[in-house]
Protein chains: 2
Amino acid sequence: MIRGTKTVLDLLAAKWSVDVVYLLANGTRRYSEVFYEVGEISKKTLTQTLRSLERDGVIARRVYAEVPARVEYSLTPLGWSLTAPLMAMYEWATDHGHDLEAARLLHEGEAPAPAQLAAAA
Amino acid sequence: MIRGTKTVLDLLAAKWSVDVVYLLANGTRRYSEVFYEVGEISKKTLTQTLRSLERDGVIARRVYAEVPARVEYSLTPLGWSLTAPLMAMYEWATDHGHDLEAARLLHEGEAPAPAQLAAAA
DNA sequence: CTGTATCCAGTAGGATACTG
DNA sequence: CAGTATCCTACTGGATACAG
């Protein structure tokens, strides 16, 4: 159970993996389009994310022998299958996001989450 | 969509969060029991994980005024609700884990995943 | 356009020792 | 027993410059 669950988590835990998968779920994109549409990502990190997802068979990379270079990325069937757990997460957030907010407000200033430790220090 | 999905991911992405949630899904545990049953975790990290999950309302912490100290952790209703997306992930791994393995074998040595970069170097 | 190379900083998490 | 305190390493990811 834990092992399988972590498999999916490892796949999606990289900071930008989810953004890329969602973006490609809206259709094939070229490198520069992903770069622009994702937003704040650096080229190095984008390439890493893309390579990782490609290696895992989640996205497909197609290179066109043109000048200037042109590379398109798209979701594979395996990538599409990921939308199932992704939707489950989104639904959880929709159903329980408010409870989460409430809990955080309740414990305000008691035990800061990791991301806020730095800000507090 | 992305924001909601990431909310859940942030909750579970910490290295040991899933282990703790699964463990507590099997029943209330004291600190030392979690420490022992989870396995390789350090006390510092366990405490951080526990505090973070508590702050987010996923687990409840109950302190008994005894000597020696005794603290028990359990899942809250919100924590239990997390088992839904967790199950979706597990099911994905069950259904598609083989495809994932196949993809990794196929791309063997081409673009190593982050986790294997170190091993390869 | 699509990357790669290099340098750098922040952070998660481990090891160990100590405390109420 | 249930943590805290301190120190330390590794890895992720950003910035910038360069290349095919």
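Basis for what follows: all heavy atoms, side chains included, without hydrogens, waters or symmetry-related copies. Convention: sequence-line order gives letters A, B, ...; per-chain numbering from 1.
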Original post:
Starting at the 5' end of DNA chain D, which residue's closest nucleotide do you reach first, B/V71 or A/T45?
Top reply: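 Residue closer to the 5' terminus by nearest nucleotide: B/V71.
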Original post:
On DNA chain D, nearest-nucleotide positions of A/P68 versus A/S42: which is more 5'?
Top reply: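 Upstream on the strand: A/S42.
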What integer distance in Å separates [X]:[atom1] from [N]:[atom2]?
{"X": "A/L50", "N": "C/dG3", "atom1": "CG", "atom2": "P", "result": "7 Å"}
{"X": "A/Q48", "N": "D/dC11", "atom1": "CD", "atom2": "P", "result": "13 Å"}
{"X": "A/Y73", "N": "C/dC1", "atom1": "OH", "atom2": "P", "result": "14 Å"}
{"X": "B/I41", "N": "C/dG14", "atom1": "CD1", "atom2": "P", "result": "6 Å"}
{"X": "B/K44", "N": "D/dA2", "atom1": "NZ", "atom2": "P", "result": "20 Å"}
{"X": "B/E37", "N": "D/dA2", "atom1": "CD", "atom2": "C1'", "result": "16 Å"}
{"X": "A/Y64", "N": "C/dC1", "atom1": "OH", "atom2": "C1'", "result": "15 Å"}
{"X": "A/F35", "N": "D/dG14", "atom1": "CZ", "atom2": "P", "result": "10 Å"}

Original post:
Side chains of B/Y31 and B/T47: donor-acceptor distance under 3.5 Å anywhere?
Top reply: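 There is such a pair (donor and acceptor under 3.5 Å, judged by atom type) between the side chains of B/Y31 and B/T47.
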**OP:** Using a 4.0 Å heavy-atom cut-off across all strands, classify A/Y36 as base, sugar-phosphate, or nothing.
**Re:**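 Since no nucleic acid heavy atom lies under 4.0 Å of A/Y36, the category is nothing.
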**OP:** Name the nucleic acid region contacted by A/K15, choosing base, sugar-phosphate or nothing; use a 4.0 angstrom heavy-atom cut-off, strictly under.
**Re:**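 Here A/K15 touches the backbone only, sparing every base.
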Subject >> Nucleotide of D/dC1, C/dT2, C/dC18 approaching B/A69 most closely (side-chain heavy atoms) >> reply: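 Nearest to the side-chain atoms of B/A69, counting from C-beta on, is D/dC1.
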**OP:** Determine, stepwise, if the pair B/W92 / A/L78 fulfils side chain to side chain contact (heavy atoms under 4.5 Å, CB included).
**Re:** CA-CA 10 Å; B/W92 185 92; A/L78 186 61; 3.6 Å; yes
Original post:
Is the NZ or CZ atom of B/K43 both under 6.0 Å from the centre of the six-membered ring of B/W16 and within 45° of that ring's axis?
Top reply: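 No.
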**OP:** May I ask you to check if B/R29 and B/Y73 form a cation-pi contact, with NZ or CZ under 6.0 angstrom from the six-membered ring centre and within 45° of the axis?
**Re:**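 Relative to the ring axis of B/Y73, which defines the angle, B/R29 lies outside at least one limit.
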With a 4.0 Å limit, can you tell me whether [X] has a side-chain N or O closer than that to the phosphate oxygens OP1/OP2 of [N]?
{"X": "A/R30", "N": "C/dT2", "answer": "yes"}
{"X": "A/R51", "N": "C/dG3", "answer": "yes"}
{"X": "B/R61", "N": "D/dG3", "answer": "yes"}

**OP:** Could you tell me whether the side chain of A/V71 reaches within less than 4.5 Å of the side chain of A/R62, counting heavy atoms only?
**Re:**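 They are not in contact (no side-chain heavy atoms under 4.5 Å apart), so the answer is no.
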